Amino acid sequence: MTPATTRRWLFGDQLGPHWLTSARQPVLLVESHGVLRRRRFHRQKAHLVLSAMRHRAAELGERCDHVVADTYREVVSSYDALESPEATSRPAADFVNGLPNVETVPGAYTATSTADFLTWTGDRKRLLLEDFYRWQRRRHGVLMAGDEPVGGRWNLDHDNREPPPKGAVTLGLGQAYRPREDDIDAAVRDDLDRLARDGVAFRGVDGPRRFAVTRREALSALSAFVERRLPAFGPHEDAMLAADPTMAHSMLSVPLNLGLLHPLEVVAAAEDAYDRGDAPLASVEGFVRQVLGWREYVWGVYWWQGAGYTSGNALHATSPLPRWFDDLDADAVEARCLSDVLAGVRDTGWVHHIPRLMVLGNYALQRGWDPARLTDWFHESFVDGYAWVMAANVVGMSQHADGGLMATKPYASGGAYLDRMSDYCGGCRYDPKVRVGEHACPYTAGYWSFLDRVAPELSGNRRLAQPFAGLRRLKDREAVVEQERRRGDRAP
Ligand SMILES: Cc1cc2nc3c(=O)[nH]c(=O)nc-3n(C[C@H](O)[C@H](O)[C@H](O)COP(=O)(O)OP(=O)(O)OC[C@H]3O[C@@H](n4cnc5c(N)ncnc54)[C@H](O)[C@@H]3O)c2cc1C
């Protein structure tokens, strides 16, 4: 048995009060700069993690050993005994399990432990999000009236996912929560400048800190979202407006993934707003589905699938990421949606779900970029990027590299979808209706060219029967494919 006073070693994504068992427990936080050398992270992601760890160390004061080192091992090996909550990635968990002086204790990252997830998977043949989500709602009693969902329906997607309001330039919700930087941020910035001079490579540009890094900031961000954005969350959750990158999204993935907020408290805050009559059911249900459904499901899938899942490549996609994309060179791109989204990643390390899936992921899928390289790119380029999020989202959902375990058909779409769900196409030099020629939309042409390429693997997929029938009828099929072949990896 580990005594109650054993020092608890916390990683940089285990920073809220719920990671400790008592108000006196001693803590170890190790800032490993070796990690920054191994991957080319977004500069703002590096800032957020270091800032969050240093703020936590300052809060904990003398009971926290805060050590800056090259590797974890050199620090951890100098302690007789430590305990550490279950790590949030497989490599980190393997590393910790191999340390003789560290005992692993239960984690506090999600409302679903790996054991819970295994209970749910049982002998199911397909892991449907909808089934998991209902199971979560029931067992946590969220938006329930007895054994039935509040309002009589589990899923209000039908009321959500609308295009942007006609003629609107923004949703008019004002600026999202912004923290105020302090001396700790200034010191982090100086250190990152120094590391960059010493050869550590970063992606993207530096910029003002936009996300919560302390518990207090995280709670403020949560309240600000519930008050101002949650009521509008549902209807336009899939829509994009060039002048309103945040729309009604919460921007809570950073404090959630830093372990500053527990998902159940986030869900409870949204449910309370519904109970008070401050937010409609469709928006609250849509949001709860993201946090209690999708996030927990993605977490469970990461642990449930073996380590080999992330190297899946069912569509035999082997092209490298082109330089302009890898380097977030938005200025090299003329297609308005892709240029704007890439600029969002470069400047802030964050764009919402649909730009990730239908602009970035869709473009890569259409061109057959290597899913493992793309996974690294997402992991490194986003301020909320972590290994566990990549498996289901990038490998499964976005690139269909798991052969359809996550999604029954690939998330590929042409320019018509982007035109319906955004205001990008109006001001673009490409036309979503045009497949061939100077004004051919790269997404429209890319969609048909993608179908042409994956026909051998996917022609038996019943959900693609209609698109493949359309492909067979396409008069200019050869010209489209040839044009896309000639485009190669040039920026569109
Ligand atoms: C290709 C791709 C890559 C992604 N990469 C990441 C990533 O690196 N980190 C990350 O946290 N999310 C990732 N997501 C999921 C989702 O896009 C982000 O969680 C979301 O955009 C974060 O913004 P938000 O906090 O405003 O989310 P909101 O739209 O306000 O949603 C609320 C919360 O729900 C959770 N959530 C919703 N959908 C998902 C999902 N599919 N997977 C996990 N959590 C979800 C997040 O915690 C989010 O904060 C990715 C999705 C795709 C398609």
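All figures in this text were calculated on a predicted structure; none of them were measured in a lab. Ligands are counted one by one from 1 in listed order, and the atoms in each one are counted from 1 as well.
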Ion pair present between Arg39 and Glu380, side-chain N to carboxylate O less than 4.0 angstrom? yes

Can you name the atoms of ligand 1, numbered from 1 with element, that are less than 4.0 Å from a heavy atom of Val298? 42 (N)

State whether Glu484 and Arg490 are salt-bridged, where the test is any N-O pair (Lys NZ or Arg NE/NH1/NH2 against Asp/Glu carboxylate O) under 4.0 Å. no

Have a look at ligand 1 and work out which part of Asp384, if any, has a heavy atom under 4.0 Å from it: side chain, backbone, both or neither. both

Any nitrogen or oxygen of His352, main chain or side chain, under 3.5 Å from a nitrogen or oxygen of ligand 1? no

Polar-atom distance check: Gln290 versus ligand 1, any N or O pair below 3.5 Å? yes

Suppose we measure from atom 12 (N) of ligand 1 to each protein heavy atom; which comes out shortest, and what is that distance? Val389 CG1, 3.4 Å

Out of Met358, Arg295, Glu296, whose heavy atom is nearest to atom 44 (N) of ligand 1? Arg295

May I ask whether Phe233 has any heavy atom positioned less than 4.0 angstrom from an atom of ligand 1? yes

Proximal atoms of ligand 1 relative to Phe287 (non-hydrogen, under 4.0 Å): 32 (C)

Take Tyr72 and Phe11, measure what ring-ring contact (aromatic ring centres under 6.0 Å, His included) needs, and give me the verdict at the end. CA-CA 10 Å; Tyr72 293 118; Phe11 281 92; 5.3 Å; yes

Say whether Asn393, considering both its backbone and side-chain N or O atoms, lies within less than 3.5 Å of an N or O atom on ligand 1. yes

Trp350 and ligand 1 - part of the residue with a heavy-atom distance under 4.0 Å: side chain

Within ligand 1, which atoms have a heavy atom of Asn257 less than 4.0 Å away? 9 (N), 10 (C), 11 (O)

Taking atom 27 (O) of ligand 1 as the reference point, the nearest protein heavy atom with its distance: Ser250 OG, 3.9 Å

Tell me, which protein residue and heavy-atom name are nearest atom 17 (O) of ligand 1, and how many Å apart are they? His353 ND1, 2.9 Å

Basic-acidic side-chain contact under 4.0 Å: Arg178, Glu217: no

For atom 29 (O) of ligand 1, grab the closest protein heavy atom and report residue, atom and distance to one decimal in Å. His249 ND1, 2.7 Å

Enumerate the atoms of ligand 1 whose separation from the nearest heavy atom of Met251 is less than 4.0 angstrom. 24 (P), 25 (O), 26 (O)

Starting from atom 20 (C) of ligand 1, locate the nearest protein heavy atom and write down its residue, its atom name and how far away it is, to 0.1 Å. Arg356 NH2, 4.1 Å

Pairing of Arg124 and Asp131 as salt bridge, 4.0 angstrom limit: yes

Answer side chain, backbone, both or neither: which part of Met390 comes under 4.0 Å from ligand 1, heavy atoms only. side chain

Of all the atoms in ligand 1, which lie at a distance below 4.0 Å from a heavy atom belonging to Gly385? 8 (O)

Are Asp327 and Arg346 ion-paired here, with the side-chain N under 4.0 Å from a carboxylate O? no

For ligand 1, note which part of Thr246 has a heavy atom under 4.0 Å away: side chain, backbone, both or neither. neither

Whether Arg215 and Glu59 form a salt bridge (side-chain N of Lys/Arg under 4.0 Å from carboxylate O of Asp/Glu) is what I want to check. no

Asp370 (side chain) donor-acceptor with Ser319 (main chain) under 3.5 angstrom: no

Check Asp489 with Arg367, please: is the shortest side-chain N to carboxylate O separation under 4.0 Å? no

In terms of atom number and element, which parts of ligand 1 are under 4.0 angstrom from non-hydrogen atoms of Leu252? 25 (O), 49 (O)

For Trp299, the option from Tyr386, Tyr109, Trp294 that meets ring pair (Phe, Tyr, Trp, His ring centres under 6.0 Å): Tyr109

Give the numbers and elements of all ligand 1 atoms closer than 4.0 Å to a heavy atom of Ser253. 11 (O), 22 (C), 23 (O), 25 (O), 49 (O)

Do the side chains of Arg180 and Asp185 get close enough for a salt bridge, i.e. N-O under 4.0 angstrom? no

What I want to find out is whether Arg54 reaches Asp182 closely enough, with some N-O distance under 4.0 Å, to be called a salt bridge. no

